[in-house]
Amino acid sequence: IGTTGPGAKLDVQGSATVGVGTGVSVGTNLNSFNINAPLYPQLSFWSNGVLSGSILGYNDTINGLYIKANVVSNPISLVTNDTVRIFIKADGNVGIGTTSPQASLNIQTDTENYYPLRLDSNNQYGTRMLFFNANNTVNAGNFVINAGGSAADRKDKLSFYTTNDAVGSFGTQVMTLTNSGNVGIG
């Protein structure tokens, strides 16, 4: 359709619409591929009659983009420059820089002098990391690590705190390492 030299059994050159208002449109809205359905718009991927994965614009539990590998053991990979950058195993483990993550989040790099994880904060309190026990019903025994900040009591320091809440307030400072190498405990 729209060509005198088709390259396939059905070759559409230009815009096409299937199922007016509730189907698939190709070549509209800045040459995009659009799926317009009244409920659960979905793009499905099939291989030899087996559904291998799908991308949904909405489902009953997630109001947003929903990407699903339909075969039980299939992972999901995000690839750039022919290299897997993010890999989600069927068990839920996520690998960045690895396709065999051994933990909930496994970050790996083979580049020397490269930080596999960088945390930035642009506030006076510095960058904080909270180690929280989600099974802890009394919110006791959680830890916070704080690096730097512009506040005088945090500048040029790496500090360790214990805290009894789930939001990562500083709690009790238990150890500090200054940029000069001094260590304070207690």
Side-chain angles (χ1 to χ4, degrees), residues 29-30 32 41 43 45 53-186:
N29 297 332
L30 300 175
S32 63
L43 177 62
F45 302 92
S54 56
I55 300 174
L56 286 77
Y58 173 84
N59 73 16
D60 287 331
T61 57
I62 298 173
N63 189 8
L65 186 63
Y66 180 85
I67 300 172
K68 180 180 179 182
N70 284 44
V71 178
V72 173
S73 62
N74 280 1
I76 295 174
S77 301
L78 299 177
V79 178
T80 64
N81 200 24
D82 291 329
T83 302
V84 175
R85 305 300 181 179
I86 299 175
F87 187 85
I88 305 171
K89 286 177 57 177
D91 66 5
N93 286 354
V94 176
I96 298 176
T98 178
T99 57
S100 57
Q102 301 300 309
S104 295
L105 177 61
N106 190 164
I107 302 173
Q108 178 179 319
T109 181
D110 296 327
T111 306
E112 291 183 30
N113 299 319
Y114 178 75
Y115 305 102
L117 178 64
R118 178 179 166 163
L119 304 174
D120 290 325
S121 180
N122 209 12
N123 66 56
Q124 66 175 344
Y125 300 110
T127 301
R128 291 188 278 178
M129 255 190 336
L130 171 65
F131 295 87
F132 176 69
N133 180 356
N135 291 324
N136 187 345
T137 58
V138 294
N139 291 327
N142 301 317
F143 297 91
V144 174
I145 298 176
N146 187 79
S150 60
D153 64 333
R154 293 179 177 85
K155 190 172 177 127
D156 301 324
K157 296 176 184 175
L158 178 64
S159 301
F160 299 83
Y161 299 83
T162 59
T163 183
N164 291 330
D165 67 29
V167 295
S169 63
F170 286 110
T172 304
Q173 188 172 4
V174 294
M175 187 171 77
T176 298
L177 174 64
T178 67
N179 67 350
S180 62
N182 293 334
V183 177
I185 299 176

Expected output: side-chain [X] to main-chain [Y] donor-acceptor under 3.5 Å:
{"X": "Asn81", "Y": "Thr83", "value": "no"}
{"X": "Asn93", "Y": "Gly95", "value": "no"}
{"X": "Gln102", "Y": "Ser100", "value": "yes"}

For this session: Among Thr172, Asn146, Ile145, Val174, find the residue that satisfies the side-chain contact (heavy atoms from CB on, under 4.5 Å) test when tested with Tyr161.
Result: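 Only one option passes, and that is Asn146.
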
For this session: Measure across Thr127 and Asp120 and return the closest heavy-atom pair with its distance rounded to 0.1 Å.
Result: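 Scanning both residues, the minimum pair turns out to be OG1-C, 3.7 Å.
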
Exercise. What pair of heavy atoms forms the shortest contact from Gln173 to Ser159, and how long is it?
Worked result: NE2-OG, 3.4 Å

Measure the spacing between [atom1] of [X] and [atom2] of [Y] and express it to the nearest 0.5 Å.
{"X": "Leu78", "Y": "Arg85", "atom1": "CG", "atom2": "CZ", "value": "11.0 Å"}
{"X": "Leu117", "Y": "Leu119", "atom1": "CG", "atom2": "CG", "value": "4.5 Å"}
{"X": "Asn106", "Y": "Lys89", "atom1": "CG", "atom2": "NZ", "value": "9.0 Å"}
{"X": "Gln108", "Y": "Thr99", "atom1": "CD", "atom2": "OG1", "value": "8.5 Å"}

Taking the side chain as every heavy atom from C-beta outward, state whether [X] and [Y] have any atom pair closer than 4.5 Å.
{"X": "Val144", "Y": "Phe160", "answer": "no"}
{"X": "Pro116", "Y": "Thr109", "answer": "yes"}
{"X": "Leu105", "Y": "Ile96", "answer": "yes"}
{"X": "Pro101", "Y": "Val94", "answer": "no"}

For this session: Could you please spell out the steps behind the side chain to side chain contact (heavy atoms under 4.5 Å, CB included) verdict for Leu177 and Lys157?
Result: CA-CA 6 Å; Leu177 174 64; Lys157 296 176 184 175; over 6 Å; no

Can you list, pair by pair, the side-chain donor-acceptor contacts under 3.5 Å of residues 179-186, counting residues two or more places apart and other chains?
from, atom 1, to, atom 2, distance (Å)
Ser180, OG, Thr178, OG1, 2.9
Ser180, OG, Asn182, ND2, 3.4

